[in-house]
Amino acid sequence: MKFAIALLHLSLFGLVSAGNFTNPLRPSGPDPFIVYDHDTSSYLFMQTSGNGLRVTKTPTLDGIRDFANEKLVFQNQDMKDNPSVWAGEIHKIDGNWYIYYSHKDAVWVVSGGSDPIGEYKDPVRLYDRGWSLDNTVLTVGGKNYLVYSCHSSDVSDNTIGGSSICISPLITPTQIDQDQVTVVSRPEQSWEQSGGNTNEGPQSFSWAGQTYITYSASFCSTPDYSLGLLHLTGDDPMDASLWTKKTDAPVFKSGNGEYGPGHNGMFISPDGTELWNVYHATWHPEGQCGDDRSTFAMRVDTTNGLNFGSPVTSGVYQAPSGEGVVTGQKSIIYSNSTTPLTEPTTIAAYASPEALSAPTTIGVVEAAQATVTALVDSRSCAESQSKRKRSRLLPEAY
């Protein structure tokens with residue numbers, strides 16, 4: 001069986017041509033993050049890996065599937081002794097790269113240089129006044145902010161239990177203003193409370209002149225783990241009243257045999273014309289917090305607001321627009337759509353990107369599906385991975 005799977009993988013790598021990629025990008029890839037670096041014409045990919053920080057650098061999205069492109073860029077003894085490193089994200093600020101990550105129920109950063117897979121050093125805990133997790137960087141009006149998951153009872157008089165979404169100004173890339181903490185989202189809706197009150201995994205992005213944050217709602221070990229959306233309606237992200245939440249339902253949830261799609265990343269195609277969502281999902285109908293979460297990528301429909309659609313199935317898909325073109329650009333103006341997300345009706349069902357339909361590609365799609373099926377079968381025979389337990393759900397943590 002293992003030999004057959006290996007042969008199938010080799011055939012898939014051989015048949016997928018430039019301009020295409022195969023989902024899932026990784027059979028095991030929790031908490032994925034992608035950014036496209038125009039200076040090196042490369043995608044930079046990170047995922048939860050437990051005991052260190054690893055960055056994959058590749059000129060194609062499909063190259064993320066090849067572990068030869070992955071490099072361990074930082075690991076210290078504390079990570080080895082306490083292998084609970086989650087949700088790494090790599091961000092370029094003022095010409096240098098920084099990796100923001102979670103470890104031991106706290107948010108951290110390490111400093112790098114101009115090379116995204118170069119040396120990183122000097123780990124700094126960014127927030128030490130309470131529980132924190134899943135940090136990302138938000139830029140508004142030329143100013144940088146840290147967005148992270150927190151216990152709102154630590155920073156406000158709101159006593160709702162569970163995890164919320166907080167924002168603090170970044171004084172430098174390695175220091176936040178801990179005296180300024182704004183809670184912009186709390187798990188107050190029923191679809192945010194399955195398995196425990198949860199708002200986590202925030203991911204900021206800008207599109208068509210508008211600023212948004214996606215976040216994960218409900219607990220990861222349930223099939224209700226999903227994505228919510230916040231929209232900044234003004235210029236000051238520290239003003240909680242300027243953040244509008246789509247409250248009636250998540251914008252992205254289980255479907256097509258993939259469960260608990262959450263803890264995503266948002267990235268822009270190399271030519272700046274497409275908005276993409278990278279996320280993890282599991283084949284377990286009951287949900288999963290462990291390693292049985294695969295990495296998928298799909299395009300977001302931006303023709304009328306932001307339509308995330310439903311999770312894609314395994315198969316071959318068209319790569320992001322502009323892939324393979326060396327641009328040397330340092331910045332891009334994204335101006336595809338001018339429709340801001342303001343009403344629930346702007347979140348509509350979106351037919352996910354279709355796999356290639358030419359007759360010569362049908363066998364590739366079937367082979368990809370067979371590969372994933374075989375992997376699922378082999379994983380189901382192995383011992384279950386221990387599920388991640390987070391203090392956000394423990395009453396004594398409130």
Side-chain angles (χ1 to χ4, degrees), residues 2 4-17 19-34 43-49 54 56 58 60-70 87 201 216 220 223 225-227 252-267 276-285 287-300 308-320 323 352-356 361 363-380 382 385:
K2 290 182 178 179
I5 292 174
L7 287 178
L8 197 49
H9 271 301
L10 288 174
S11 67
L12 282 170
F13 275 109
L15 288 171
V16 176
S17 60
N20 306 322
F21 73 98
T22 297
N23 270 317
L25 289 171
R26 290 197 173 176
S28 178
D31 309 332
F33 177 83
I34 292 176
Y43 296 93
L44 304 175
F45 169 82
M46 296 192 71
Q47 68 170 74
T48 288
S49 54
R54 294 169 173 82
T56 296
T58 169
T60 65
L61 196 62
D62 202 63
I64 291 172
R65 302 172 68 236
D66 187 353
F67 282 89
N69 295 322
E70 184 176 87
S216 298
C220 57
Y225 197 57
S226 57
L227 293 183
F252 195 59
K253 60 183 181 180
S254 297
N256 296 324
E258 299 295 340
Y259 301 92
H263 203 120
N264 71 317
M266 302 296 297
F267 67 100
W276 282 71
N277 179 22
V278 59
Y279 59 93
H280 69 229
T282 181
W283 56 275
H284 290 282
Q288 172 65 253
C289 281
D291 292 335
D292 283 345
R293 294 177 292 177
S294 302
T295 299
F296 294 85
M298 63 179 287
R299 182 173 57 85
V300 177
F308 286 77
S310 297
V312 293
T313 56
S314 303
V316 179
Y317 293 81
Q318 185 174 339
E323 184 173 287
S352 56
E354 295 181 355
L356 299 178
T361 65
V364 179
V365 176
E366 292 176 345
Q369 180 67 60
T371 299
V372 175
T373 300
L375 285 168
V376 167
D377 290 342
S378 65
R379 286 186 298 190
S380 64
Q385 297 287 339

query: Has the side chain of Asn23 got a donor or acceptor atom that lies under 3.5 Å from a matching backbone atom of Ala297?
result: yes

message: Counting C-beta onward and ignoring hydrogens, is there a side-chain heavy-atom pair between Tyr43 and Val278 closer than 4.5 Å?
response: no

query: What is the minimum heavy-atom distance between Lys253 and Pro311, and which atoms define it?
result: O-CD, 3.1 Å

- prompt: If you round to the nearest 0.5 Å, how far is OG1 of Thr313 from CG of Asn256?
  reply: 6.0 Å

statement: Interatomic distance, CG@Asp62 vs OG1@Thr22, rounded to 0.5 Å, equals 5.0 Å

- request: Check whether any side-chain heavy atom of Tyr225 lies under 4.5 Å from a side-chain heavy atom of Cys289, and answer yes or no.
  value: no

- request: Evaluate the side-chain proximity of Leu227 to Ser216: yes if any heavy-atom separation is below 4.5 Å, no if none is.
  value: yes

query: If you take all heavy atoms of Ala319 and Trp276, which pair is closest and at what distance?
result: C-CZ2, 4.1 Å

- prompt: Under 4.5 Å between any side-chain heavy atoms of Met266 and Asn277, yes or no?
  reply: yes

statement: Smallest heavy-atom separation, Gly290 atom then Pro30 atom, equals O-CG, 3.9 Å

message: Would the distance check show the side chain of Thr48 and the main-chain N or O of Ala87 forming a donor-acceptor pair, the cut-off being under 3.5 Å?
response: yes

message: Taking the side chain as everything from C-beta on, heavy atoms only, tell me whether Phe45 gets closer than 4.5 Å to Thr295.
response: yes

message: Within this structure, what is the CG-OG1 distance for the pair Leu44 and Thr58, rounded to the nearest 0.5 Å?
response: 9.5 Å

task: First locate atom OG of Ser294, then atom CZ of Arg26, and finally report the distance between them rounded to the nearest 0.5 Å.
output: 11.5 Å

Where Pro223 and Ser254 come nearest, the two heavy atoms and their spacing: O-OG, 2.6 Å

Heavy-atom pair of closest approach, residues Thr56 and Gly63: CG2-O, 4.4 Å

- prompt: Measuring from Thr60:OG1 to Asn69:CG, what's the distance to the nearest 0.5 Å?
  reply: 7.5 Å

task: Kindly compute the distance separating CD (Glu258) from OG1 (Thr282), expressed to the nearest 0.5 Å.
output: 7.5 Å

- prompt: Tell me, do Arg293 and Asp31 make a side-chain contact under 4.5 Å, heavy atoms counted?
  reply: yes

task: Decide yes or no for Ile64 and Ile34: does some side-chain heavy atom of the first lie under 4.5 Å from some side-chain heavy atom of the second?
output: yes

- prompt: Looking only at heavy atoms, what is the nearest atom pair of Arg65 and Leu25, with distance?
  reply: CG-O, 2.8 Å

Any Met298 side-chain heavy atom under 4.5 Å of Phe252 side chain: yes

